[in-house]
**Student:** 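Provided herewith is a single structure, encoded as structure tokens, for subsequent inquiry.
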Amino acid sequence: MLQLNHIQNNKDDVLVRLAIKHFDGTKIIDDIIAHDTDRKKTQAELDNILAKLNAVSKEIGQLMAQKKSEEAEAKKKETASLKEEAKQLEEKKSQIEKVLHDLLVRVPNLPHVSVPNGRTPEENVVVREGGEEPKLTADSKPHWELTTQYNLISFELGNKITGAGFPVYMGKGAKLQRALISFFLDKAIAAGFLEIQPPLMVNADSGYATGQLPDKDGQMYFVNEDGYYLIPTAEVPVTNIYRDVLLKEEELPVKMCAYSQCFRREAGSYGKDVRGLNRLHQFDKVEIVQLEHPDKSYATLDAMVSHVEGLLNALGLKYRILRLCGGDMSFASALTYDFEVYSAAQKKWLEVSSVSNFETFQSNRMKLRYKDKNGKINLAHTLNGSALALPRIVAALLENYQTSEEGIRIPDVLRPYTGFDWIK
RNA sequence: GGAGAGAUGGCUGAGCGGUCGAUAGCGGCGGUCUUGAAAACCGUUGAACAGCAAUGUUCCAGGGGUUCGAAUCCCUUUCUCUCCGCCA
């Protein structure tokens, strides 16, 4: 959520920046400014009335104490009209505030100045590439054939038990999942992130705080009975640990990591890139979350990018890092780097991580603040990134490490976790 | 699921219709003393909105009500604790 003062004082700049995200803010920003001005005016009027009312009440109290009950009764009559006025102003104020909030919550975050202009994924900017493309034999297969051949994953069983997009992992396929999760968590912990095991369902307040609601309503699974949402990412519960928290400056940065299953309805994306592990409704991910001082958040973003890059290097995958253009960025983000790994058998890039700085967008919604050395209270910055999401990593590992005779090789760094060197 | 008790500032905990944004202790910050530290002593110490400021308004779990006036009374929701039941 953007800060009202910032909108009031930088209207033109806000509109220009929103346009980079292809969001036409002309009408809604004017609306917000008008409502905010009205809010202030109403608040001032109400404060005035209440001040009078408080003064009269105090007088009555004093008169009563002096046993001058007749004078007190006379004073009481004075309050009637004031009370009526106050009531009306209060109703007006809460009405304005409700409208204002509903408007504010629909405005996306402003992109950072370095965000490239562009509308489609093709216009994202490649920051750098790394890793080697494997040399596969002519008979190499896509992962959805390998998983069947080696009995690692059954998409059919998932279909039977639940529906499309809920695979069943078996044997070495299941073990590989656990190995990756442990490997990613250990790396995050070694980098100073505190491991968290969060709830997999959150309430609406949490959904609003990190920006999934109301923007992504309909993309999350909803548990009707209790009004809970299945988390689309551990970012939601983990960041919300610090909802309504006032930190001391020296407590920053806060670094947390979490493994969780993630649930996404992916409504509207049927038919495209959904084969095998490419797009699932339930998947595993290790997430890193960081709360940071505003002056340091972009250095921290770079550090988080390096951390993710280190994981891909360790796994020996060919990857590239993209700076997302305005049109491809998420609602809440100010700057996002996407990581893609190259799937040699599918001959395409698969997105495996997204690392973003949200600046104060989330912290403003969730009142996550810190008190600086001068006692002044400021909003902290929030950042998060996948480190990493499993399914497409698994897809790339299976495809890129396949051989024609011996089976699929396990990268060296994972062998202590899997307990086996080959999938045969 | 049933029965009872409770929710107050960073923490503990008083207040139970008016001068209460709230007593006290701990913690935090500043100071005196000290070579330094501890102890002791003194001072200070919640947040939001409006305002250059003075100041005003609001907040004692959330929402509603009674009253000239509510942390205090009533209703309601949520959560916590104790006991019973059920159960991984």
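Protein chains get the first letters and strands the later ones, always in sequence-line order, with residue 1 at the start of each.
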**Student:** Could you list all the ring-ring contact (aromatic ring centres under 6.0 Å, His included) pairs where at least one residue sits in residues 199-239 of chain A, not counting sequence neighbours?
**Tutor:** A/F222-A/Y229
**Student:** Atom CD1 of A/I377 to atom C1' of B/G46: distance rounded to whole Å?
**Tutor:** 9 Å
**Student:** Atom NZ of A/K376 and atom P of B/U45: how far apart are they, to the nearest Å?
**Tutor:** 20 Å
**Student:** To the nearest Å, give me how far apart CD (A/E251) and P (B/G28) are.
**Tutor:** 14 Å
**Student:** Under 3.5 Å, which N/O atoms of the protein pair with N/O atoms of nucleotides 63-70 of chain B?
**Tutor:**
unit_1: B/C68; atom_1: O2'; unit_2: A/S57; atom_2: OG; d: 3.2
unit_1: B/G69; atom_1: OP1; unit_2: A/K83; atom_2: NZ; d: 3.1
unit_1: B/G69; atom_1: OP2; unit_2: A/K83; atom_2: NZ; d: 3.2
unit_1: B/G69; atom_1: O4'; unit_2: A/S57; atom_2: OG; d: 3.4

**Student:** Under the rule for salt bridge (charged side-chain N to carboxylate O under 4.0 Å, His left out), what residues qualify as partners of A/E59, not counting sequence neighbours?
**Tutor:** A/K75
**Student:** Does the Lys NZ or Arg CZ of A/K172 fall within the cation-pi geometry relative to A/Y150 - under 6.0 Å from the ring centre and within 45° of the axis?
**Tutor:** no
**Student:** Heavy atoms only: give me the nearest A/I393-A/V341 pair and the separation to one decimal.
**Tutor:** CD1-CG1, 4.3 Å
**Student:** Distance between the P atoms of B/A48 and B/A53, in whole angstroms?
**Tutor:** 14 Å
**Student:** Among residues 194-201 of chain A, which contact RNA chain B at a heavy-atom distance under 4.0 Å?
**Tutor:** none
**Student:** Do A/D30 and A/K11 meet the salt-bridge criterion of a basic N to acidic O distance under 4.0 Å?
**Tutor:** yes
**Student:** So do A/L315 and A/V413 actually touch side chain to side chain, heavy atoms under 4.5 Å?
**Tutor:** yes
**Student:** In whole Å, measure the gap between the C1' atoms of B/C86 and B/G69 for me.
**Tutor:** 49 Å
**Student:** When the C1' atoms of B/C73 and B/C16 are compared, how many Å lie between them, rounded to an integer?
**Tutor:** 9 Å
**Student:** Would you say the side-chain atoms of A/E399 and A/H143 include a donor-acceptor pair closer than 3.5 Å?
**Tutor:** yes
**Student:** Output a table of nitrogen or oxygen pairs between the protein and nucleotides 57-60 of chain B separated by less than 3.5 Å.
**Tutor:**
unit_1: B/U57; atom_1: OP1; unit_2: A/N54; atom_2: ND2; d: 3.2
unit_1: B/U57; atom_1: O2'; unit_2: A/D47; atom_2: OD1; d: 2.8
unit_1: B/U58; atom_1: OP2; unit_2: A/N54; atom_2: ND2; d: 3.4

**Student:** For RNA chain B, write out the stems as range with range, using runs of 3 or more consecutive Watson-Crick or G-U pairs with both distances under 3.5 Å.
**Tutor:** B:1-7 with B:78-84, B:10-12 with B:24-26, B:27-32 with B:40-45, B:46-50 with B:55-59, B:61-65 with B:73-77
**Student:** Expressed in whole Å, how much space separates the P atoms belonging to B/A37 and B/G31?
**Tutor:** 11 Å
**Student:** Calculate the interatomic distance between A/N203 atom CG and B/C79 atom C1'; express it in whole Å.
**Tutor:** 12 Å
**Student:** Which pairs pass ring-ring contact (aromatic ring centres under 6.0 Å, His included) with one or both residues in residues 50-76 of chain A, sequence neighbours excluded?
**Tutor:** none
**Student:** Measure CD1/A/I49 against C1'/B/A50 and give the value in whole Å, please.
**Tutor:** 16 Å
**Student:** With rounding to the closest Å, how many angstrom separate the C1' atoms on B/A7 and B/U66?
**Tutor:** 22 Å
**Student:** Can you check whether A/R369 has a side-chain N or O nearer than 4.0 Å to OP1 or OP2 of B/A48?
**Tutor:** yes
**Student:** Taking for each residue the nucleotide of RNA chain B with the nearest heavy atom, is it A/K371 or A/A44 whose nucleotide lies nearer the 5' end?
**Tutor:** A/K371
**Student:** Quote, to the nearest angstrom, the C1' distance that separates B/U72 from B/U19.
**Tutor:** 16 Å
**Student:** Quick one: are the ring centres of A/F358 and A/H381 less than 6.0 Å apart?
**Tutor:** no
**Student:** Determine the interatomic distance between P on B/G28 and the same-named atom on B/C11; round to the nearest Å.
**Tutor:** 15 Å
**Student:** Could you check A/T336, A/V115, A/V127 and say which one makes a side-chain contact (heavy atoms from CB on, under 4.5 Å) with A/R323?
**Tutor:** A/V127
**Student:** Which pairs pass ring-ring contact (aromatic ring centres under 6.0 Å, His included) with one or both residues in residues 64-114 of chain A, sequence neighbours excluded?
**Tutor:** A/H112-A/Y298
**Student:** Tell me whether the side-chain N/O atoms of A/K367 come closer than 4.0 Å to OP1 or OP2 in B/A47.
**Tutor:** no
**Student:** Using a cut-off of 4.0 Å on non-hydrogen atoms, how would the nucleic acid contact of A/L82 be classed: base, sugar-phosphate, or nothing?
**Tutor:** nothing
**Student:** Take atom CG of A/N378 and atom P of B/A48, then tell me their distance rounded to the nearest Å.
**Tutor:** 10 Å
**Student:** Please report the distance, rounded to the nearest Å, between CD in A/Q8 and C1' in B/C49.
**Tutor:** 14 Å
**Student:** If the condition is salt bridge (charged side-chain N to carboxylate O under 4.0 Å, His left out), which residues does A/D205 pass it with, not counting sequence neighbours?
**Tutor:** none
**Student:** If the condition is side-chain hydrogen bond (donor to acceptor under 3.5 Å, both in side chains), which residues does A/D102 pass it with, not counting sequence neighbours?
**Tutor:** A/K98
**Student:** What pairs with A/E71 under salt bridge (charged side-chain N to carboxylate O under 4.0 Å, His left out), at least two apart in sequence or on another chain?
**Tutor:** none
**Student:** Output every pair passing salt bridge (Lys or Arg N to Asp or Glu O under 4.0 Å) with a member in residues 349-358 of chain A, not counting sequence neighbours, ordered by first then second residue.
**Tutor:** none
**Student:** Could you check how far CG of A/D205 sits from C1' of B/U77, rounded to whole Å?
**Tutor:** 14 Å
**Student:** Work out how far the P atom of B/U12 is from that of B/A61, and round it to whole angstrom.
**Tutor:** 14 Å
